[in-house]
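Everything on this sheet refers to the single structure shown next.
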Amino acid sequence: MTDSLFEGLTSAQRDAVSHVDGPILVLAGPGSGKTRVVTHRIAYMLRSGVYSSQIVALTFTNKAAQEMRSRVERLAPESTVWVSTFHRFCARLLRAYSNLVGLEPNYTIYDTSDSLQILKRALQTEEISMTHATPEKVAKAISWAKNNMVLPERYEANSANAISSIVQDVYPEYQRQLRAANAVDFDDMLMLVAQMLQENPELRAALDERFRYILVDEYQDTNLVQYLLVRSLSQQHPNLGVTGDPDQSIYGWRGANLNNILDYEKDFDQVKVVRLEQNFRSTPNILSVADHLIGHNKRRKKKSLFTDHPTGKPVRFLSYVTSHEEAQAIATRIATYVAQGKRQPRDFAIFYRVNALSRAYEEALRQQGIPYMIVSGVEFYHRKEIKDVLGYAMLVNNPRDDVAFTRVVNTPTRGIGKTTILKLQVHALDHGISMLDAAREAGMIDSLNKRAAVAVAKFVAIFDRISLKINQPVEEILGAILSETGLRAQYEDSDDEEDVSRLENIDELLSSAREFDFQHPEDGTLEQYLEDKALVNETDEFDTALDRVTLMTLHAAKGLEFPHVFMVAIEEGLLPHERSKDSDAQLEEERRLMFVGITRAQEELELSTANQRDFRGRRMMTVPSKFLFELPREEMDFQAALGRYAPTSQEWEDVHDIPPDDFSQIGESGNISDDSPSNSPSSHTRMLITAADMVKGPSSSAPKLNPDQFHQSMAVIHPNYGLGKIIAMSGEGAKRTATVQFVTGDQKKFVLAYSELRSASSS
DNA sequence: CCCAGTGTCTTTTTT
DNA sequence: AGACACTGGG
């Protein structure tokens, strides 16, 4: 059967495309045409007589869903295959069967910050003292539990973990308050659906029947709940088709379980396995670098990547003296290429490990007048002014939403302070009603003074007026909110520059609402609109049509490709990230992250480090990432940047062998001055000196020093903690303190006058 | 109750 | 550096 669906496909790809019934695992290396295979397979299934309505394709991001949807539509224009993210899929099931898990259909979806509010409240109601934990950490632990299908009542504290006992106490209360507010957090959406399927076998069977063919993209990123979900819908009809690449699993930190893909063949009988190893994206040089790196991971399924592309240029590695120079050099190179007509701005991407690094590159590009776009940053829907407006809308849609109530009751300020809100909350809790209902009874709450009660009553009146509009088009509802509450007037009256941009954002929100109304002439409910907003993210609107250099994190880069890629700041502490050093599993994930970055490049790839990096308002000395030593250096182009010194590979090994363990970001040379004298002739030897400082053994005979004899980036020794380096100092005289980074990884602060800190150098 | 000023801590990544 | 929580004066 040769036809257009199979045209131009490799035999492995055809093999996968022509598989209709039964489980299939497609192990797809980077750039191996995975999306093409999936979409062609769907088209093939349709052609083989499967109904559109029996197929559902699940992805993680909206971006991926959109991409897949449009490609399916192109291949099979008449089809109505449901392509959705996991969360949207679950959102819809939850609406339909909300009663099974104690929700109303108009439930609210809380984002991370909303959930955190509820959690804080729950911690208060349970009167849990937070001596050794932060709400964020507890939230993370709860999220972990939910991702692993541990229901509140089933959670058991682990004596080895201090957080877990807090979680045991607060998790049920947190969950109770979410339900009371008729709200769910992101994790709930998945967990509740999985729970629903577990507890209602007949529903499970019906949905299994309905969704006979399930396709899961990026299967290596699924967590336990997602696994349970798709598994339970693939019992009578085990037509589960999963695609993924264990080497590109980079979401372990949010519960993704690599075992799901590694053990897939054990989970189902007669699994068809197809490996897509031919790469259509990159040059052999780039692939070789990727391959060498990932070869250092132990937990993986071996794949051999190959391509028939021409060799291409060697991958470059550049070592710069300062982060400033690194940024300058990159911007200059881009500008040159563009000026020469070799490339367009859109051909370039700059990848970094953390968002906070973007600034330097941004500035350099701006100076060169090169257009660029940053993917990520503060998300539109998370901005204060937007959340305020939507807060009212959320409360209208779900009057039990206490978080929304708390957010808007005094926005803009109308004399309802903390104490008043607290009293309303207590009253609500005591009577088992929502805070809005408590507000309606404000006049009868004894503890409230008259003035507060009047202010609250006023708020309720405003709210009720807005509520009348609930069935109007969304744009009208939002418009009513803006005028009734005085929010618009507040921003209009101000000539603060920030308020002007806020107003612009609000106008953008209104136009998005208009767009929504237009798209949904019949079913455009406020409920739908809010769900939409809760589940999108600005990265989804990443626009490839614009001719701009792309700046983004390595995580955001997954699934994309660019002709010329720069990966910057490949330094210990950043990549691998310092928080990923505890376990081998985390380290392997960092390595995969670098692998993902490398394999985004089509033609040219440049890796770089800077010996000295400005980061978070500090200037740090850096150590090159250990990953750089895992690359095939003989195949690469190792260069000194701008003719300056770059260490030879031998010197690098020396540096790297020195520190016991990972000694990242040693030292700091004071605060940043505007014009750094990075041209000083000696600056190139800094890294080596730093390292050498560290090897000098502890000199036990060092005399006790006066506080003023300590200085930044000095090597010190402490009787209990051992060798370390001063990374920051503050205070004056007797209160003079030093923050010391020890080789053990600990960081401690000492008041110098009282500490046992000595100089570590023998001089 | 509100505001401004200070101190602390961070975010690695996202639905 | 910047966001955020907390403090104390108005």
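Quick note on labels: first sequence line is chain A, next is B, and so on, each numbered from 1.
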Figure out the [atom1]/[atom2] separation between [X] and [N], and round it to whole Å.
X      : N      : atom1 : atom2 : result
A:W144 : B:dT14 : CH2   : P     : 17 Å
A:E589 : B:dT13 : CD    : C1'   : 9 Å
A:I421 : B:dC2  : CD1   : P     : 9 Å
A:F60  : B:dT13 : CZ    : P     : 19 Å
A:L575 : B:dT13 : CG    : P     : 13 Å
A:I250 : B:dT11 : CD1   : P     : 19 Å
A:R592 : B:dT13 : CZ    : P     : 18 Å
A:N223 : B:dT14 : CG    : P     : 16 Å

Q | Of A:L593 and A:H87, the one whose closest DNA chain B nucleotide lies more 5' | A | A:L593

Q: Take A:A452 and A:Q586, find for each the nucleotide of DNA chain B with the closest heavy atom, and name the residue whose nucleotide sits nearer the 5' end.
A: A:A452

Q. Heavy atoms under 4.0 Å, any strand shown: does A:T112 hit a base, just sugar-phosphate, or nothing?
A. base

Q: Considering only heavy atoms of chain A and a distance under 4.0 Å, specify the first and last nucleotide of DNA chain C in 5' to 3' order that meet this criterion.
A: C:dA1 to C:dA5

For this output row, return yes or no: ring centroids of [X] and [Y] closer than 6.0 angstrom.
X      : Y      : answer
A:F566 : A:F351 : no
A:F89  : A:F211 : yes
A:F595 : A:F627 : no

Q: Might you work through the side chain to side chain contact (heavy atoms under 4.5 Å, CB included) test for A:Q528 and A:E531, ending with a clear yes or no?
A: CA-CA 5 Å; A:Q528 254 308 315; A:E531 177 188 311; 4.1 Å; yes

(Q) Could you check whether A:Y110 and A:D401, counting side-chain N and O atoms only, form a donor-acceptor pair closer than 3.5 Å? (A) yes

Q. For A:R299, which residues count as a side chain to side chain contact (heavy atoms under 4.5 Å, CB included) partner, sequence neighbours excluded?
A. A:N259, A:L262, A:E588

(Q) Using the six-membered base ring of B:dT13, report whether A:Y251 stacks on it, requiring centroids under 5.5 Å and planes under 30° apart. (A) no

Q. Between A:N410 and B:dC2, does any side-chain N or O lie under 4.0 Å from OP1 or OP2?
A. yes

Q: Would you indicate which nucleotide in B:dT13, B:dT11, B:dT14 comes nearest to any side-chain atom of A:R616?
A: B:dT11

Q. Of the nucleotides B:dT13, B:dT11, B:dC2, which has the atom closest to the A:H555 side chain?
A. B:dT13

Q: Starting from the 5' end of DNA chain C, give me the residue, A:K120 or A:R359, whose nearest nucleotide shows up first.
A: A:R359

Q: With sequence neighbours excluded, tell me which residues meet side chain to side chain donor-acceptor pair (under 3.5 Å) with A:R366.
A: A:Y372

